[in-house]
J.: 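First the structure, which I've put down as structure tokens, then a few questions once you've had a look.
Bear in mind that the values here come from a model prediction, so they are computed numbers and not experimental data.
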Amino acid sequence: MSSGPATTPDLPIEAVLPALAERLAERSACVLVAPPGAGKTTRVPLALLDAPWLAGRRIILLEPRRLAARGAAERMAQTLGERVGDTVGLRVRLGSKISARTRIEVVTEGVFTRMILDDPELVGIGAVVFDEFHERSLDADLGLALALDAQGALREDLRILVMSATLDGARVATLLGDAPVIESEGRAYPVETRHSARDPDQRIEQAMTDAILRALRADPGSVLAFLPGQGEIRRVATLLADRIDAVTHVAPLYGALTPAEQDRAIAPAPPGRRKVVLATSIAETSLTIQGVRIVVDSGLSRVPVYEPGLGLTRLVTARASRASVDQRRGRAGRTEPGVCHRLWAEAATNALEPFGRPEILAADLSGLLLDCAAWGVADPTTLAFLDSPPAPALTEARAMLRALDALDADGRLTPMGVALRALPLPPRLARMVVQAAAHGRAREAANLAAVLVERGLGGDAVDLGDRVERYARDRGPRAQDMRRLADGWAKQAQTFARAQRDAGADFSEAGPLLALAYPDRVARARGRDGEFVMANGRAGRLDPALPLAREAFLVVADLVGTAANARILAAAPIALETIEALFPERIASVTQVAFDKGARALRARAQRRLGALTLGERILPVPPDADSAVILANGIAELGLSVLPWTPALSQWLARLRFLRAADSTWPDLSDAALGATVTDWLAPEIVGRASLDAITADDLGCALQALLPWDLRARLEIEAPTHFEVPTGSRIALDYESEGGPVLAVRVQELFGLERHPAIAGGRVPLVLHLLSPASRPIQITRDLPGFWRGSWSAVRSEMRGRYPRHPWPEDPVAEPPTRRVKPRGT
DNA sequence: CTCTCCCT
């Protein structure tokens, strides 16, 4: 291996600079792929400065982070022996250093998007250089799409250079019109990679703790460990505390720490001591930790998943990408050769996604859509994006911007949209500030917006009123910077403000202000345990010990977690009267009819609703309409159809039809399941105007059942399955169709005297099951063969019965005897 | 099992 960067001042990138200059002289776009340590960020812009095609115009260098932008500007200025603001300038949100002499402007990606939207011709600019493009931020993707559009339509002479560390350069080159790709060597010390697959039953915290302790014993130097999030970092720190030696210091490192805490975490260990830094993906790029020789990588990272439809983002723990784990490994070889321990089997590396998911595929696109509309493009998918913005997120963004009144029906910018774009804030918050300005509260709204966009400003209390108050008392440099910015937003918003009628809300308070930005996240308490339901239908919870948890209504600004378990991170209370005053056109009056199972009756309520949220309700008489009847019918079906007012005749009717259906499927299916599934069709029309089960009569049920039988089958029913059977005495006896063996005719035996043939129905096809009864209607015999009975067991029955009922006829030959229906004994 | 990171 060659010697390291410390001993060789010439950087690997120098070797490709002549080729790069040559390509850019003849082509308008170029891709430069160079791994970390190549020196591209600082060397390339300076090398292009004297190119003839630049003709004295400026170069814009895009960096993904303010820290990186400041560092690049400082190093380039130093190379020239100048200060930032001379030849090399800087333009970031908080503070710009630009002068008339400036030829290279280092800007953050978001700044460039605004620059090109304000000046699509990019007057005075000869080249735009995208650095760290492999990070694929939303702003970089949008900035490149807009720059390509401008180049094609207005500025064919504009040079576009895309620089990237690990990118698949060919894809970008295609996007840039088959631009040439130049590759450079990187420079890093060798890093030995060791794999050890984790026992799947072991928790990641335990595996990481064991691996760190092993690594400390095996090699000298400090350790940088990558974990997915704060929770894991805290738990590993606790586990390590019991088992680590006194000369080794454990330092957590993640984004939510204050800058001072972060500085302490990345400071080198004192001589003779070692350090274990437990970090999130924050340590993959942008900050270097001195003295790290050992990296231990869990292979996991926490990534956001945007849910269009709810307009919310939740976090999931996922395997880190191949690019990400390689980047992590590289952190061990920054200053000397190192070791990287990976907590997975070597073969699993090939199964990793090659790159992390580009932000444009998993983000809220409302800002992007608004910017595109300002560019004159209503459909962003017509621009040259490396990955096209996904349709569901665009649909959601379009709906939100329409609701904010920022776009018209054709997707063009409205005057409100112009006003929102003038504020460098997310569209919802911009709308809040503009609308508050119309009521003379621009300053209050801008301060609330500041607390919402700058993480940690005003602390992390859930109650945003508390955060605004703390921020107002904060005299630190960051708070002062943000106050200057917020003042600018407020002034800008006031230029668009036209005095409006009284809104009936006090916009000096956080809750009413927030409602302007998040009308869909107005929430109502459900129960007492800090549970709230929002107008968008989703629920979230608060620590029940917080005073905020006792409020009836909140506006939720931020929450995390899965749909089933979302935690509210920022909110402010709002009064019911304020909600009613703010959203008269959004609040709908809904009459709701529901079946009360306990009372077995319908209940009607008039509800005032904001989306999924019920603001108030009162009891109403049940409307006697078809809709109510359907709800009652379905409620009854849930209880079971046996609760209906069945009479013996209706039960028999049903049994007759089921009997026929069993043999012949031209008859309708009237099983319990089929009837229950179709109550809307047959029961509901006959119970219109009924408000409870008790109000339904047997007649209602009869009419409803009749409707189940087509006209042409009604006459056949009487023939095939008659209700009664006429015996020789002339008695019409009801048949029982519910018996399992078939339809039953139960009759006193004397009424059958003279009958030679067995009685049958259904055109003689189905013999009845005869239940022969004594004069006292006690069962004597069951038979399906009456002639056989007369010939056979009748004589035995006769001898027994004659003794018990001596005054009734028990003839020797029943076929020859006249039938009788007399029950009373013959005269005495 | 209380939040990844970044920007106008």
J.: How would you label the contact of A:Leu425 with the nucleic acid (heavy atoms, under 4.0 Å): base, sugar-phosphate, or nothing?
T.: base

J.: For a quick check, tell me whether the side chain of A:Arg65 and the base of B:dC7 share a donor-acceptor pair closer than 3.5 Å.
T.: no

J.: In residues 415-422 of chain A, which residues come under 4.0 Å of DNA chain B by heavy atom?
T.: none

J.: Whether the A:Arg431 and A:Gln435 side chains hold a donor-acceptor pair (N or O, under 3.5 Å, no angle test) is what I'd like checked.
T.: yes

J.: In whole angstroms, how far is the P atom of B:dC6 from the CG atom of A:Leu138?
T.: 16 Å

J.: So if I take residues 225-236 of chain A and measure heavy-atom distances to DNA chain B, which residues fall below 4.0 Å?
T.: A:Pro228, A:Gly229, A:Gln230, A:Arg235

J.: Just by distance, with hydrogens left out, do A:Thr317 and A:Arg302 show a side-chain donor and acceptor under 3.5 Å apart?
T.: yes

J.: Whole angstroms only, please: what is the CZ-P distance between A:Arg319 and B:dT4?
T.: 18 Å

J.: Students often get this wrong, so: under 4.0 angstrom with heavy atoms, is A:Val111 touching a base, only sugar-phosphate, or nothing?
T.: sugar-phosphate

J.: In terms of side-chain heavy atoms, does A:Asp474 have a donor or acceptor partner in A:Gln480 at a distance below 3.5 Å?
T.: no

J.: Do A:Asp520 and A:Arg428 have side-chain heavy atoms sitting under 4.5 Å apart?
T.: yes

J.: Let me know the distance between NE2 of A:His134 and P of B:dC6, rounded to the nearest Å.
T.: 14 Å

J.: Do the numbers put A:Arg483 on top of the ring of A:Tyr471, so that NZ or CZ is under 6.0 Å from the six-membered ring centre and no more than 45° off the axis?
T.: yes

J.: Nearest 0.5 Å, what's the CG-CG distance between A:Leu370 and A:Leu365?
T.: 12.0 Å

J.: Any donor-acceptor pair, under 3.5 Å, between the side chain of A:Arg302 and the base of B:dT4, if you only look at N and O atoms?
T.: no

J.: Compute whether any side-chain donor of one residue and acceptor of the other, for A:Asp364 and A:Ser366, lie under 3.5 angstrom apart.
T.: yes

J.: Report yes or no: does A:Ser298 contribute a side-chain atom to a donor-acceptor pair with the main-chain N or O of A:Leu300 at less than 3.5 Å?
T.: yes

J.: In whole Å, I'd like the distance from the CG atom of A:Asp364 to the P atom of B:dT4.
T.: 20 Å

J.: Checking contacts here: which listed nucleotide (B:dC1, B:dT4, B:dT8) is nearest the side-chain heavy atoms of A:Arg66?
T.: B:dT8

J.: Let's see if you can work this out: which of B:dC5, B:dT4, B:dC7 has an atom nearest to the side-chain heavy atoms of A:Thr108?
T.: B:dC7

J.: What's the closest nucleotide to the A:Asp139 side chain, out of B:dC7, B:dT8, B:dT4?
T.: B:dC7

J.: Treating A:Ser324 as the side-chain partner and A:Ala320 as the backbone partner, does any N or O pair qualify as donor plus acceptor under 3.5 Å?
T.: no

J.: Send over the distance from A:Arg70 CZ to B:dC7 P, rounded to a whole Å.
T.: 10 Å

J.: Could you check whether A:Leu569 gets within reach of a base, just the sugar-phosphate, or nothing at all, counting any heavy atom under 4.0 Å?
T.: base

J.: Quickly work out the A:Phe112 CZ to B:dC6 C1' distance and round it to whole Å.
T.: 18 Å

J.: Rounded to whole Å, how long is the line connecting atom CZ of A:Phe355 with atom C1' of B:dC5?
T.: 19 Å

J.: Can you tell me how far P of B:dC6 sits from CG of A:Leu142, to the nearest Å?
T.: 20 Å

